[in-house]
Amino acid sequence: MRMMKRQQKELSNLRGEKMSILINKDTKVLVQGITGKEGSFHTKLMLQYGTKVVAGVTPGKFGQEIEGVPVYDTVKEAIENHHIDATAIFVPGRFAMGAALEAIDAGIRLVVVITEGVPLHDSLRIKSKAKRMGTIVIGPNTPGVVTPSECKVGLVNTDYLSKGNVGLISRSGSLMTEIAANLTDTGIGQSTLVGIGGDAVLGSTILDVLKIFEKDKETKGVVIVGEIGGTMEEEASEYIKTMNKPVVAWIAGRNVPKGKRMGHAGAIIEGNMGTAESKVGALKKAGAKVADVPWDIGKLMKEML
Amino acid sequence: MRLYEYEAKEIFGNNGIPVPEGKLVLNTEDAIKTYNALAPAIIKSQVLVGGRGKAGGIKFPENEAEAKKLAEELLSSEIKGYKIRKLLIEKKLNIKQELYFGVTIDKIKGEIVVIASSKGGVDIEEVAKKFPNEIIKRNVDIYEGLPFYEAMNMVRKIGLRGDTLKKGARVLSKLYNLFVKYDAEIAEINPLVVTDDGDIVAADAKLNIDDEALYRHPEIRKEDEFLTELEKEARANGLGYVEIGGSIGVIGNGAGLNMTTLDILRYFGGTPSNFLEVSGRTYMLAEKAVEIVLKNPTVKVLFGNFFGSAARCDVIAEGLAEAFKKGKIKKPFIVSMRGMGAKEGRKLLKDLGIEVYENDEEAAKRVVELAR
């Protein structure tokens, strides 16, 4: 019973009813795949940023330490020995589903799947299980989540971030940093940056994260970095109409050929679905400002705040 | 990975879905032989683009002479830029009714969506617009699957009765099962034919398999024939390259940033030649990337636009410097670099005499000017 209450409180924190969204300076982080090249490298960077990485998991590597962080064989063991709020998954594509399901099963409330190349049907399974368990999954194929000066879960380059009141949601990693840099240059700090990922099926959509930002007291406006493919931006537009906070968006991929995957698994125009025109149109109709060039984003947000 | 109709039909057939008797041929001689064996028969071009019927890719010869003429014509023509190299000759069906069955993914909900319609043989998106009531859709959780009674309910709703109802439900059920078994993005039968005898046959078959899951399906062809030659070469090197056809060759790190580079070039009136992403798993391949982009003869200027985040600019710059020193870059070359490792990267390239910027707005303007 006490356990249930604690979990509920954590969940309400996660959902942005208190403090910045998803993660903050108190978030205890697990790294799955911590002994791998990517996992160990980014554990070091996360720790340097001040993130409380408390444990890692790599099957068969129990007893090792990475950057002073203890390694366990299973998530269950890690949970038994540490309080854990969030996990960053750095394992290869074919093992990512297993790692995510293990984390969800163990009751971790925020699961960030960094891995690129997760099979689509595996993502369906991750999403289905997360829905039943009430877990928030971010990704796959994401640079992760950062609350500037407090916590980073993933591999986002934090050199260009600054603390502030604008939330950022991005389907693209490189563009997330670039647009955050533009915001910082314009004097706009960020509350939390959420890379939702570049895959076609994602644990959390633009809409899911928008709802959390809308509730968050520290966030005054939201920047959406969308791109061609799927209908996430259109879905979010319906909600933007009802939001109290201003939204500025950039949609990448105007004038790209149909039927070709533009790098991201999710960035593909199928038939007449997923075009930039449709997304820009829906967002504008909903009252969001859509930038014509990426370097205008900071300026547009400033005008709306 | 898009499969050809004949490949999809083989899989459908092996998984219990009735398909017409037919054979793949690569030349006119075999086409006639097969036609004579199956007549009355039809000739279907095997291409990976949609809208084949409308584009004249399916023929209905009345006799051997006509079959010869039509097969010859098809094998020397193309559909939407794709040359026809293969023909599927199939026994003609006695069509009483054309239906539609499809299984795909509801990307937003993260569920499988099963679709059936009594209006087959036409573009299903058009049907959805004009006759929304004629489309029966069911969202399915991948862990729950599609129970047989649900397949039965759906097929009954589109009007099948008696023996045909049972046969239809079996086909829908099997289509769902193979969708899951093969990690499909889409499995579709359009049209699914009800014959004069009340049999149900998949007159067409579409099956796209998730590229990231191909390792689980060793029996499926790995080389993507939908790609151009340069796209294939890039893929073999782990690079995501898409041909567009303009005069400015583009390389950059990150899919989103790369698409944005194309947007910026167009904003200033330029025409990008390609999309090429060097990042994530592949950021050290800058040298190979340059080589591939410059193989396209329409390229007049090369533009590299980078923002170091997960990929470091100095590492990318080393690759570019290598290509430059080896004389692989003979066209004007402009680079914009910001982010992690950009300062070192810019210096390295500037020392070689390459024009570098710290601002993609200025750089893009300069590139567009050079391409004029």
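By convention in this document, chain letters (A, B, ...) are assigned in the order of the sequence lines, proteins followed by strands, and residues within each chain are numbered from 1.
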What option among D122(A), D159(A), V118(A), V156(A) has the most heavy-atom pairs under 4.5 Å with chain B? D122(A)

What verdict does the side-chain contact (heavy atoms from CB on, under 4.5 Å) test give for K152(A) and L45(A), after you've listed the backbone C-alpha separation in whole Å, the side-chain angles of each residue and the deciding distance to 0.1 Å? CA-CA 9 Å; K152(A) 118 164 147 172; L45(A) 296 185; 4.1 Å; yes

Looking only at V180(B), N359(B), D106(B), L276(B), most heavy-atom pairs under 4.5 Å shared with chain A are made by V180(B)

Is the count of non-hydrogen atoms from other residues, nucleotides or ligands lying under 6.0 Å from K44(A) atom NZ greater than 12? no

Are V103(B) and L178(B) close enough, and set up right, to give a side-chain contact (heavy atoms from CB on, under 4.5 Å), and what steps lead you there? CA-CA 10 Å; V103(B) 184; L178(B) 80 81; over 6 Å; no

For chain A, which of E125(B), R216(B), E111(B), E185(B) has the most heavy-atom pairs under 4.5 Å? R216(B)

Between F226(B) and Y82(B), how do the two ring planes meet: parallel, tilted or perpendicular, split at 30° and 60°? parallel

Taking side chain as everything from C-beta outward and backbone as N, CA, C, O, which of these in R171(A) sits under 4.5 Å from a heavy atom of chain B? Side chain, backbone, both or neither. neither

Quick one: does N253(B)'s side chain have a donor or acceptor within less than 3.5 Å of a partner on F307(B)'s backbone? yes

Non-hydrogen atoms of chain A under 4.5 Å away: do they reach the side chain of L257(B), the backbone, both or neither? both

Among Y241(B), F179(B), F306(B), single out the residue with the greatest number of heavy-atom pairs under 4.5 Å to chain A. F179(B)

Go through the atoms of A181(A) and report whether side chain, backbone, both or neither lie under 4.5 Å from a heavy atom of chain B. side chain

Please rank D211(B), L227(B), N258(B), D123(B) by heavy-atom pairs under 4.5 Å with chain A and give me the top one. D211(B)

Do the ring centers of H42(A) and Y49(A) come within less than 6.0 Å of each other? no

Pick whichever of G266(A), G259(A), G173(A), A267(A) has the most heavy-atom pairs under 4.5 Å with chain B. G259(A)

Is the NZ atom of K109(B) crowded by more than 12 outside heavy atoms at less than 6.0 Å? no

With respect to chain A, which residue among D263(B), D210(B), I264(B) yields the maximal number of heavy-atom pairs within a distance under 4.5 Å? D263(B)

Can T261(B) and D360(B) be said to form a side-chain contact (heavy atoms from CB on, under 4.5 Å), step by step? CA-CA 8 Å; T261(B) 303; D360(B) 51 356; over 6 Å; no

Side chain, backbone, both or neither: which part of D208(A) has a non-hydrogen atom closer than 4.5 Å to chain B? neither

Surrounding NZ of K241(A) (heavy atoms of other residues, nucleotides or ligands, distance under 6.0 Å), is the total greater than 12? yes

K131(A), R254(A), M262(A), K127(A): which one forms the most heavy-atom pairs within less than 4.5 Å of chain B? M262(A)

In terms of heavy-atom pairs under 4.5 Å, which option from L262(B), I244(B), T260(B) contacts chain A the most? T260(B)

May I ask you to establish whether R366(B) and Y357(B) are in a cation-pi arrangement, using a distance under 6.0 Å from NZ or CZ to the six-membered ring centre and at most 45° from the ring axis? no

Using a cut-off of under 4.5 Å for heavy-atom pairs, which of S170(A), S172(A), S128(A), P143(A) has the most such pairs with chain B? S128(A)

Would you mind checking which part of I105(B) comes under 4.5 Å of any heavy atom in chain A, side chain (CB onward), backbone (N, CA, C, O), both or neither? side chain

Would you mind checking which part of I251(A) comes under 4.5 Å of any heavy atom in chain B, side chain (CB onward), backbone (N, CA, C, O), both or neither? backbone

Under 4.5 Å heavy-atom distance to chain B, tell me which part of T205(A) shows up: side chain, backbone, both or neither. side chain

Is there a donor-acceptor contact under 3.5 Å from the side chain of T51(A) to the main chain of L47(A)? no

Between P257(A), G271(A), G93(A), S174(A), which residue shows the highest count of heavy-atom pairs closer than 4.5 Å to chain B? S174(A)

Whether the E361(B) and S336(B) side chains hold a donor-acceptor pair (N or O, under 3.5 Å, no angle test) is what I'd like checked. no

Pick whichever of E178(A), K260(A), E38(A) has the most heavy-atom pairs under 4.5 Å with chain B. E178(A)

Per-residue contact mode, E227(A) against chain B (heavy atom under 4.5 angstrom): side chain

